[in-house]
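Side chains included, hydrogens not; waters and symmetry mates left out as well; all remaining heavy atoms used. Naming convention: chains lettered A, B, ... in sequence-line order (proteins, then strands); numbering from 1 in each chain.
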There are 2 protein chains.
Amino acid sequence: MDWHAIPSLSALRAFEATARLNSFSKAARELNVTHAAIAQHVRALEAEFSETLVFRQGRGLALTQAGSALSDHLQSGFGEIAQGVEQLRNATNTRPLSISLTPAFATNWLMPRIGSFWREHPDISVNLNPSSALVDLTRDAFDMAIRFGEGTWRGLDAFLLAEGDFCVVAHPDLVKGRRATCLEDVADFPWLLEGKMRERGALLVKEGVDFETSTIKMFDTNAMVFAAVNAKLGLSVQPYALVKDQIDDGKLALVCALDRHGLGYYVVTRPGLQSQNLTTFIKWLRKQV
Amino acid sequence: MDWHAIPSLSALRAFEATARLNSFSKAARELNVTHAAIAQHVRALEAEFSETLVFRQGRGLALTQAGSALSDHLQSGFGEIAQGVEQLRNATNTRPLSISLTPAFATNWLMPRIGSFWREHPDISVNLNPSSALVDLTRDAFDMAIRFGEGTWRGLDAFLLAEGDFCVVAHPDLVKGRRATCLEDVADFPWLLEGKMRERGALLVKEGVDFETSTIKMFDTNAMVFAAVNAKLGLSVQPYALVKDQIDDGKLALVCALDRHGLGYYVVTRPGLQSQNLTTFIKWLRKQV
DNA sequence: TTTAATATGATAGTTGAACTTACATATTGA
DNA sequence: TCAATATGTAAGTTCAACTATCATATTAAA
C-alpha cells in the first residue's frame, strides 16, 4: 500500500457521497457538514488529478467519465471497510464472553451460581475456561480471569471478589461426636493435600501441625482432594469461599478457620473500556458475594 | 453506505499501516508522522470498539484476532481505493488528448502542421474531432477546442491563436494576367460562398460588392468551396490564417484583404489545472503562430 | 414574468482532530 | 549493564477541515 499516492481520505469520502447522491447538498447532509465543505473537498480532488470529476447539471451534479470510474472504486473500497467495521462491532457484541478461572473456583463457587446468570441474561453466552495455568488475557483473547492471589497483576486491573482465608474441613460423619473446633481435636486424622499446593502445607506447619507425626495423603488435583474428603478419608485445607456453600448445606464440617494472610479470589481484566456484556457479567458477579 | 458507522478514516489508515508493519514506529515512518500520532489513533480505535486490536510482543506489536480481521478488510478496502486513484492518474496521463475544432481549421491549418507535433511528442496521442457544432467541453470530455469567434465564452478560458481577418482568394490561373489587387479588378468573377456563412456575405456587401449584379454559387461546406476555388470557378472569402500557407505556396492568389473585425481563432479550455499533455500541446500550438 | 425554493460558487474566518514534543518505560542483543 | 530501539502518555501546537456568509444559477409554481 503506497499511502503517498492516495489523496486526502476526507476528500475521497466527500466525493463518494457526492457521486452517490449527485449533489453537494445531499452529501453534506449525509456527512453532517455544510455544502461548502463538500464542494471544497471535491474541487481539491479535481485539482489533485487535473481532471474534472463532476459538473453542474440542472439543480444538481453529474459525473464525468473519470468521476464515475473513481466513484466505482471508492464505493467498493469504502464498502469493504464499512463491512469490516460492522463485523467487528457485531463480533464484539455477540461473541461469547471468554473467562479463564481455576478449576476449583469454577466447580465449587461459580458453577452453583452460573444458572442464575443464564436465567437473567439468556442472550449472553459465557465461555468458561478452567485452567490453573496463568494466561495472557490479551494474547489468549480472554475477556476476564478469576485468579487466586494478592491482587496485583502487572498491567491488569483487579478487584477482590472473595476473601481467600483458608479453613480446615472434613466430612461431617468423620468428625461426628467430636468437638472438632480446633486442630488438636482432629490431630489423629490424615491430611489430604494437593501435591502442587505446597503453601497450604506450610500454612498448617505455621498452625502447629507436626507433619512428622501426621499421616499425609497427596493428590494430583483439588477435585481429587474433594473426592477424598467426601469419602471421609481425612482433613483438607481449602479457601473458605470455596467450601462455604457446602458447610452451610451440612455437606462439609468446618473444623477451624486459619489466620488471614492477605490472599483472595480476584476478578482480573484488561485496563480500559470493557464490552457491555463483560460489564454485565462483572456486575452480576459482585451481586453474588 | 452509512458513514456514521465508520470511525475516523485517519485512525483506520494508521491502524492499517500498523497492522501491516507490526509496529507503530514503522507505520509512523511510512505515513510521515510520529509514533505518538499512530499510537493515539490505534488506541482511539480500540476505545471505539471496546476491543483490543494490537498488543506488545517483544520490540514490536502483534494483532489480536479482532485486529487481524479488521486489518484484512482495511487492506482490501484501501487497496481498492488506491487502485481507483492509480487508474485515474494513469488515465489522465495516457489517454489521448481530445480536441474539438472546426473542419476548415483542421484541414487548412492544423493538418499541415500536426506532423511536427507527432514527431516531437510521439508518446502523446491526439484525438481531433472536426465539428462545426458547439460542444460542451466538460460534458463531451474534450480537453480543448479551437473555435472561431470573439474570444469570450462563458465559464471558459480562451486565448487568441490566430487573427481571423478575412481575405478574398482565387485560383492563380483564374486571375493570371489581371492586376487583381482590389475587388473592382475581379468584379466579373462568381462568388463561391458556403451557405451557412451569411456573415461573410454581409462582409462583402460592406466592402461594396453588389450581389444584384454578381454571380453567386452556394455550397454546403467550406471544403466544397475550396474544391470549387481549386476548380477555378470563382472567388472565395476565407480567414487569412486558413489560406496563408497556400498563398505562400502559390496555390492560391490573394486578391485583397478585408477590414479587421475583431474575430479570430481561439484556443478554448476549461478553467483550472490542465493535464501535462494538454499543456505540452498548447505550448506547441503557440510555437506554430 | 416574477417569485420562492433550492441548488452550487467562492472566500474569509474559526475550530478541533491530528499532530509534535518531550519524557518515561519496556524489550532485546551485545 | 549498557546502547539501541521499541511503546506509553500527556501537554501543547497547528493546519486541514469546517462554518458562516453572500453571490449566483436553476427550476417550478404563481
Would you please confirm or rule out a distance under 4.0 Å between OP1 or OP2 of dC18(D) and any side-chain N or O of H41(A)?
yes
For A37(A), which contact category applies under a 4.0 Å heavy-atom criterion: base, sugar-phosphate, or nothing?
base
R29(B): partners by side-chain contact (heavy atoms from CB on, under 4.5 Å), with sequence neighbours left out
S25(B), K26(B)
Less than 4.0 angstrom from a charged side-chain N to a carboxylate O is my criterion; do E46(B) and R43(B) meet it?
yes
Hey, does the side chain of S8(B) come within less than 4.0 Å of dA18(C)'s phosphate (OP1/OP2), counting only N and O?
yes
Identify the heavy atoms of L88(B) and E51(A) that sit nearest to each other, and give their distance.
CD1-CG, 4.3 Å
B/S/- contact track for nucleotides 25-30 of chain C, protein heavy atom under 4.0 Å
-BSB--
Which pairs of donor and acceptor atoms, one on a side chain in residues 281-289 of chain A, lie under 3.5 Å apart (sequence neighbours left out)?
unit_1	atom_1	unit_2	atom_2	d
W284(A)	NE1	S116(A)	OG	2.9
K287(A)	NZ	E120(A)	OE1	3.3
Q288(A)	NE2	W284(A)	O	3.4

Could you check which of dA10(C), dA7(C), dG8(D) has an atom nearest any side-chain atom of R29(A)?
dA7(C)
Side-chain N or O of S23(B) closer than 4.0 Å to phosphate OP1/OP2 of dA6(D)
no
Would one find a side-chain N or O of T34(A) under 4.0 angstrom from OP1 or OP2 of dC18(D)?
no
When you compare the side chain of T102(B) with that of Y265(B), does any pair of heavy atoms fall below 4.5 Å?
yes
